[in-house]
Each structure stands twice: as C-alpha cells, then as structure tokens.
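Every chain is numbered from 1 and lettered A, B, ... according to where its sequence line falls, protein lines coming before strand lines.
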Amino acid sequence: MAYPFHDIETKWQQHWEEHQTFRTPDEVPEDKDEFYVLDMFPYPSGAGLHVGHPEGYTATDIVARYKRKQGFNVLHPMGWDAFGLPAEQYALKTNTHPRETTEKNIAQFKRQLKRLGFSYDWQREINTTDPDYYKWTQWIFLQLYERGLAYQSEEPVWWCEELGTVLANEEVIDGKSERGGYPCERVPMRQWVLKITEYADRLLEGLEALDWPESTKQMQRNWIGRSEGANVYFDLAGIDDSLEVYTTRPDTLFGATYMVLAPEHELLDEITTDAHRAEVEAYVDEALRKSERKRQQQGEKTGVFTGGYAMNPVNGEEIPIWVADYVLASYGTGAVMAVPAHDERDYAFARKYDLPVREVVEGGEIEEEAYVGDGPHVRSANEDVSLNGLHNEAAKEAITEWLEAEGTGEHTVNYQLQDWLFSRQRYWGEPFPIVFTEDGEDKPVPEDELPVTLPDIDVFEPSGTPEGPLATIEDWVHTTDPETGAPATRETNTMPQWAGSCWYYLRFLDPDNDERLVDPEKEEYWMPVDLYVGGSEHAVLHLLYARFWHKVLYDAGVVSTKEPFQTLVHQGMILGETEYTAYRDEEGNVVSAENVADDTDLTPVQVDEEDVTKDGDVFVLADRPAVQVDARSHKMSKSRGNVINPDDVVDEYGADTLRLYEMFMGPLEQDKPWSTDDMEGVHRFLNRIWRLVVDTDSGGLAVSDEEPDRDQLRVLHRTIKKVTEDIEARDFNTAIAAMMEFVNAANKWDTMPRKIAEPFVLLLSPFAPHLSEELWARFGHDETLAYEDWPAYDEALIRREVVEMPVQVDGTVRATIEVEADADEDDVLATAKAADNVARYLDGTDIQREIYVPGQIVNLVTG
RNA sequence: GCCCGAGUGGCGGAAUUGGCAGACGCGACGGAUUCAAAAUCCGUUGUCCGCAAGGACGUGAGGGUUCAAGUCCCUCCUCGGGCACCA
C-alpha cells in the first residue's frame, strides 16, 4: 500500500497557504542575511506545465527551503512572462482576446505549480502584462531614450511575413524565425533600436566575475565578437576620396595585393570604370537578389574586378579593387584589404582569379596554402618603418603607431554585436511611451502619465505594414503633444517579449511600489540574485538583454550592482522515454539501422525493450541479431506522443515523488531521459520512509524512544554530512542516493529510534516537503518544520583519529598508517594495500614520505 | 572548419578531484510470504576462467606521466550543444 500522499499533499498545501508560511517580510530586516533564489519565470502557454518546468523549480525550491533552515532570509518568488506571440496567434484563430487567454493560462499554471508544493511567496507574484508592471518597463525605456540609448533607425531589418513582424538578430536563425521557423527577409524599415553596442565592452568584462557555466559565458563572448585591429585608409587612384578598411592583421599590410568591396559599398559605383561597369553591375545585381541565407552559405567565392585601383599607404603601391559578395556590408567598413598569403579566403580567391600572393610572414608553405600563424615578418619596410624580423604583436603595434602618425589609419575595436532591434508590429506587447508631433518629431510621454495603457481591440490581424494593429484604433492613436497640446499620434509598434523579462527580478523585491521601480534600500539588501536557474536557450537572448538593462539601470543609479545574476545554472532537458526503433522498407522488410540514411523513406517501427539485446556497442533485435536497432531518447513532443504530463504523475504518485524523481534522474545540468520505472523506485523509497516512521497497522508511530546506538548515530551523521555537502554543491541526485542508503541501513535495524528518525525527516524536508511535514506533525510537534531544528552533523562521530598499524612488507619495510576512528575493516585493508604498493617501490631505499589514501593518512618509514 | 561539453554494466547514473571503479535507483535472476496475484521482504547481478577458495581482464581507441589514472598529458574516434565567409 502506498502511503496516503494525496491527502497529505492537499493538507499541507492548504496549511502553507493559510499560514502564509513562505511569506518573505516586506521590510528589510536589521540583521538577517539574505538569499535570493530565482527561477526564470515561465511564459504561461496554453499547453500548461510540462515536466521540464518542475525540474528547475524543484532545484530552486530545495535551495530555498534549505537556506531558510539555515536561518537566511530567503526570497523565492514567481511570476509570469505573459506578453508574446502565442497568445496573439491564438487570438487570431479563435477571436479570443489575448488578455483572456493569458489569464486563463496563468490560472492553470498557478494551480499546477501549487500542486507541486513550491515554497514561493505568492504575495509577490508579478505579471508583465499588468499595467502596474509595464508602467515601469516603459519607464526604463524612457531612461534609455533620455540617455540616447534608444533611437530610430531605417536600417534593413529582419521581417517575417508569416509572423507579421520584424525580429531581432538573436531571434532569427539561418534566415528563419526562432519561433515557428518561418522564413524571414531583410527589408528596410523605421524601427526603434537600443544601443547595446555601447555596452559591449562592459558586457564582456562583466562576465569574468560571474559564476556561470563556461559555455554560456563563451556564447556571450562569441555573440559580442570583439576583435582588435586597425582601420586603414587607402587613397583611390583618380578619385578624390579614400577607401577605409578594417583589418585584424595590420601587420600584414605590406602583403596586401588587392582589395574587395561588398556589393552594397557606397563608393563602388564611383570606383568602377566604364570598361568594367556592365560586368560589375550584373554581378552586384545578382548578389543583391540572392537571399541573405544564400549569401551566408559558404562556398566557392566569386567576384569581379571593378577597374579601379587603391594606393597602399605603406608602400604607395596601386592595387586592384574587386567586388565580391563574401564581404559583408554589415561588418567592419564593408571593405577589406586582401592578403592572400596570410588569409585562407583571400588565398582561395587569389588563386582562383590569378592575383599575386606575397609572403610577408615566414613560417608556412606559401605555394601550398595560406599561412595564418606567427613568424618573423619579411618584405615589410618603407622609409620610416620596418617590421622585418618582428613577430605578430610587435609588428601590429609598430605599424599601427606609424599609421596613426601618418594619419592613414588608427587602432580600432570591432564587434559582431549589433544594436538591438526593439520594435514589433504586434498588439500583445508593451506600448512605447512615445508620441509623434505632426512634423514627425518623436517625444517621450512624461513620467507622470505612465503607463501608456494598451487599448482593447477586436481585430488582431497584423497590418502587414510597419504599423502594428494598434494603428487601427483611431482614438488611442490620436493624442496630444504633452508639451504644447498640439495634435500628435502615438507610436503604434510595441516592445518585444524580452522587455518585460529584462528587469522582473528587480520588481519582485518591491512589487507594489507605485512610487519607484524598486526601493533602493530593498534593492541594496537583496541584489544580486544569488542563484538563478533556467534553460540554456536563453544564453544569448534574455541573459544578454537583462545584463544590458541592468547596466543601464546601474548608470541611472537605480541599482547598486553591476551584474544581476551572480550564479547561474541551466537545468538540462528532460527527454522522453528511450525508444527502440527498427526500420522497414517499402516491401515491409526490416532494415538494419546502420544502413539507414537520414533522408530515406523507410518506415520507423517501435520495438519493445524486451525484444532488444545488446551486441557489442549496438542494440539488435533479440531474435534477429543481424538487425541493428536505434536506441535514442527524443525531445518530448505532441507529435511523437511521448509527453509526460506532470498532473498525471502527481495524481498517480504524488508531488513529492515527482519532485524527488526529477532530482534523482541525474545531474541538474544534464539532459536526461524520463523513465517511469525509475520514478517508481523513488516512490518506493518514500513508502519505505513512511513505514519506518508510521506503524501502518495501528496508525501509530513505529519509532521507539530507545537511545540510538553508536552505529545508528554514525549512519545518521554520515548521511547528514553527505546530504548537506551535496545541497551546497547542488548535487541533488547524490544527496538523494545518500538518503536512500540511509533507509536501506535503517531497514535492517530492530527499532527506529525517534532521535534518529526526527533529524532524518528534517533532512528530507527540502526534497519531499509534504511527507516530511506530515511525519513531523505525527512526531507530535505543533509547529510546522521549525527552521532552527535543521540537524547539524556531529563531528565527533566522524572525526579523524589516529590508529597505528604496522604493515609488514617483504620483511624490510615497516609502515605506520593512521586511519579514521570510524574506518571500517575494508578501509584499513585498502590503506594497507596502498602502503604496501608504495613500500614495494621504495624497497631498500632510505626515504621517509607521506602519502594519502582514501580518508586516511599513511606515514611510511622505510629502512 | 572553429569554440565548448561529454563518452563508465542491460539502462539512468556514483566515484571526497590522482587512492578499493560501478554508490543509489531501474531492470533481470533466485528465494520468502500468498490458494494465487499485487504489494512487501531477503539474496545474487561488470566480463571471463574456476565446484570452490581464488585469479585474470575491465571506464570510446592508442600512446605517455605516476608507487597508484575513469580522473593528468599527447594523438585519434564517436555523440551532443553553440558559432560559422566577421576580414
């Protein structure tokens, strides 16, 4: 019989709600240390909670409950990132107002989260679509605007026809929208843009001190893409203008043998000579017609000669100017100097079009391939400056210095990061606090008129123009100039979904403040976030944008820390149960999986686990060992039909089982396949605990009042030590394994002493809070699990003690080993074995040394 | 191509960071209980040899450092993730 988890969980969830058990006081306490543990708040989708949500949420909940028990003042809030496309697309289909859909979804999410018993302070719940919330999102926009960090631009931007909106660079992958995978194209449009590039260096430097996954830091570094080099000016032959190029290798300037312009380059037309005009125009035409996606594809580089020449400032040499579409207008200056000897692309291009290759750095086989490594420079001198003999860094420095002195170049830093495109042509987002006067000038809405509320609307169709659906609401659009009272119109674009999530962690500190975004005293007390848990899909989107806004708010004096999230952890993905797949061809014959290419039209057939066996490294059919079978776990998806619904799990096994299982599956950061069998093992563990404490026949307690013996105490205290250390290290899976080990040991005892059971239940409480509360109450305690009762392990029981033990080795060597007081016989034997090992090696020599073996110290004396 | 991360039993995964490889869980096999089943409990479970005591081999492959290597170093292979004409 399973323990009555359903009654227990309902009972304690109600209890916690009624008693506001997890309320964090509004006021900042005088003398209590804080701990801010935060989940990435969810987008409340119509599909409801999936099993991936509780994974991160359980991890943070364990930490929150643990820290509370350690006496910290803990902030553990939850809210809703509720603006965004899906609600609007749903509105389009069903004509339901996004607000209605959103409210319904939030109610569903909240109900599901409460069923899992997370210790959130629901009094601090926030919702990005609430006008009291987005008032401050708009306020932050005004801070950006006033600092010149928000500006309008007419640049080509990513436009997605299907979504009816433009998207940020970060939201477009391979020319397709990140959400939905719809095709996107580059179209020039007037847009609001945030100057994130101005913070590029600070965003880069700030990463150093953060306790974040190295891969995420690396992704942000790559995204920012800082490079150092020089801009160099090449005078143009016969034209009174110069061509500016960016290079990271100014040291190879003497090796430049031609130049290349992007097809969009503004000087191209002027440079092109009449003899080459037709050819160049044809090439440019074709290049511009190619989609961005096609141009991004690497392949054979093509280009044509313009007929123009530029003068290399270091040696006065005239070199030909080409145009080629592998040069991007959006990076650097849209023009490059080509040094074929020392750049792979230039090398390939030069070989193809028979352009000269001039080696200026020694070390490679220049006849064979470009040499990009370091080496002494050669053939690199003019009357004033010589790089000959210098190596990379020194050469760069010398030539840059010379260029600067000559006024023909300068040291330059370049970034791949581009400014953040901030407008969307959608309805369901924050309106901009901006109006336009009749002559087109933009003006901010004064602070005291915030929020600019989102009007109601019945038609959600995107207009298909740079105006959003808001443009159709005449009496909202038409307003007055806040300064002059003259007629004015409102900005009809809305902010992207990222806006609300850029700063929500600050609003949790002071959610009801209508005077300021956050009270400075509270901000200073709580920030930064001590532990932030969420998916790695936000590595460069949310996590970069939020850092940017945070730094702007820092400059504005709103926050006191330079970085918002001190420690970051990405929970891994929970995959579906492992599937075994065989394939059939058109005739129905089974095909071995090793012969299956990705694009075949074979029919996959699911095979039961029992019918599969392992042969060497691969799985095969048990009855037909020649047929190889794919064994993989896939991402959960409706179409695959492998989705696990957390509600079903809670119904059948209880919330504590789900929580515990998701933590037991493996390391938090790792992707892990779901296994219902494994989960049942965790459920069994909880049942055992129940029976260890509760006499299931009488309903009374199964614990005794006998004093625990030394062995029992040792087992308990080792468990306390291990679990505590594991929680600190966020190794929740091994913490649970340690508790399982404890229960295995306790099952063999004649009685379970109360003095052992009570601390164990406390130890369990962050993991399985409902069961723990119930057992605690059954022990006869009036209060719910008291924080000060968290068990401390007794050092005395696991302290090191020195025991002398001589080890005889080959009659010549004698070793003394020191072991822990509680070391068992195996430990001693292992130690002796290690000592013996070393002794053998030292045999006959006269050395004294110390070596370390598991938990013990060996003092070895030879002679 | 470049940058991260990872390869350990039939499966998910442990291993105090260089010290008894396989904790804990699942599965499997055997047993107890039961009229029977479920549930529960007790064993066994890396591979090979051996009746046994015991022995040999074992952490993707190959080399190396060390008394001692899953862990450190070099070369390579495979799988995930990210970036990708960035001058």
Nearest-angstrom distance from the residue atom [atom1] of [X] to [atom2] of [N]:
X       : N      : atom1 : atom2 : value
M679(A) : G27(B) : CE    : C1'   : 16 Å
E669(A) : C4(B)  : CD    : C1'   : 15 Å
K635(A) : G80(B) : NZ    : C1'   : 13 Å
R221(A) : C2(B)  : CZ    : C1'   : 16 Å
M740(A) : C24(B) : CE    : P     : 11 Å
M739(A) : G25(B) : CE    : P     : 13 Å
Y347(A) : C85(B) : OH    : P     : 23 Å
M573(A) : G5(B)  : CE    : P     : 19 Å

All salt bridge (Lys or Arg N to Asp or Glu O under 4.0 Å) counterparts of E228(A), not counting sequence neighbours
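With neighbours one apart ignored, the set is R226(A).
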Proximal nucleotide (of [options]) relative to the [X] side chain:
X       : options                : result
Y326(A) : G82(B), C85(B), C26(B) : C85(B)
S215(A) : C4(B), A15(B), C86(B)  : C4(B)
R345(A) : G80(B), C86(B), C26(B) : C86(B)

For E577(A), does its backbone N or O pair with a side-chain atom of S633(A) as donor and acceptor, under 3.5 Å?
no
Between T306(A) and V323(A), the two heavy atoms sitting closest are CG2-N, 4.1 Å
Using the [atom1] atoms only, state how far [M] lies from [N], rounded to an integer number of Å.
N      : M      : atom1 : result
G58(B) : G9(B)  : P     : 14 Å
U45(B) : C11(B) : C1'   : 14 Å
G62(B) : C57(B) : P     : 15 Å
C26(B) : U33(B) : C1'   : 24 Å
G70(B) : C2(B)  : P     : 30 Å
A87(B) : C73(B) : P     : 29 Å
U71(B) : G19(B) : P     : 11 Å
A32(B) : A14(B) : P     : 37 Å

Please find out if less than 6.0 Å separates the ring center of Y661(A) from that of W674(A).
yes
Does atom CD of Q670(A) have more than 12 heavy-atom neighbours from other groups under 6.0 Å away?
yes
Would you please say whether a donor-acceptor pair under 3.5 Å links the side chains of Y246(A) and S227(A)?
yes
So, is U17(B) syn or anti if syn means the angle is within 90° of 0?
syn
In G82(B), glycosidic geometry as syn within 90° of 0 or anti otherwise
anti
What is the pairing partner of [N], taking Watson-Crick or G-U wobble pairs with both distances under 3.5 Å in any strand?
N      : result
G1(B)  : C83(B)
A28(B) : U44(B)
C35(B) : none
A52(B) : none
A6(B)  : U78(B)

Upstream residue (5' side of RNA chain B) when T734(A) and M219(A) are each assigned their closest nucleotide:
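The 5'-side residue here is T734(A).
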Between G334(A) and T216(A), which has a closest nucleotide on RNA chain B that is more 5'?
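Upstream on the strand: T216(A).
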Who passes ring-ring contact (aromatic ring centres under 6.0 Å, His included) against [X], sequence neighbours left out?
X       : result
Y331(A) : none
W212(A) : none
H683(A) : F5(A), Y653(A)

For E214(A), which contact category applies under a 4.0 Å heavy-atom criterion: base, sugar-phosphate, or nothing?
nothing
For S675(A), which contact category applies under a 4.0 Å heavy-atom criterion: base, sugar-phosphate, or nothing?
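The answer is nothing, as S675(A) stays clear of every strand by at least 4.0 Å.
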Contacts under 3.5 angstrom, residues 726-734 of chain A side chains, donor-acceptor by atom type, not counting sequence neighbours:
residue, atom, partner, partner atom, Å
D726(A), OD1, K722(A), NZ, 3.4
D726(A), OD2, K722(A), NZ, 3.3
D726(A), OD2, T734(A), OG1, 3.0
D726(A), OD2, A735(A), N, 3.2
E728(A), OE2, Y66(A), OH, 2.8
E728(A), OE2, Q70(A), NE2, 3.4
T734(A), OG1, D731(A), O, 3.1

Enumerate all atom pairs, one protein N or O and one N or O from nucleotides 11-13 of chain B, separated by less than 3.5 Å.
residue, atom, partner, partner atom, Å
C11(B), OP1, K614(A), NZ, 2.7
G12(B), O2', M665(A), O, 3.0
G13(B), OP1, Q670(A), NE2, 2.7

Taking only residues two or more places apart in sequence, or in another chain, which ones meet H542(A) in a side chain to side chain donor-acceptor pair (under 3.5 Å)?
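With neighbours one apart ignored, the set is Y532(A).
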Heteroatom pairs (N/O) under 3.5 angstrom, protein to nucleotides 41-47 of chain B:
residue, atom, partner, partner atom, Å
C41(B), OP1, R688(A), NE, 2.8
C41(B), OP1, R691(A), NH2, 3.4

Please enumerate all residues that pass side-chain contact (heavy atoms from CB on, under 4.5 Å) together with D346(A), with sequence neighbours excluded.
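side-chain contact (heavy atoms from CB on, under 4.5 Å) list for D346(A), sorted by chain: Y258(A), Y326(A), A338(A), P340(A), D343(A).
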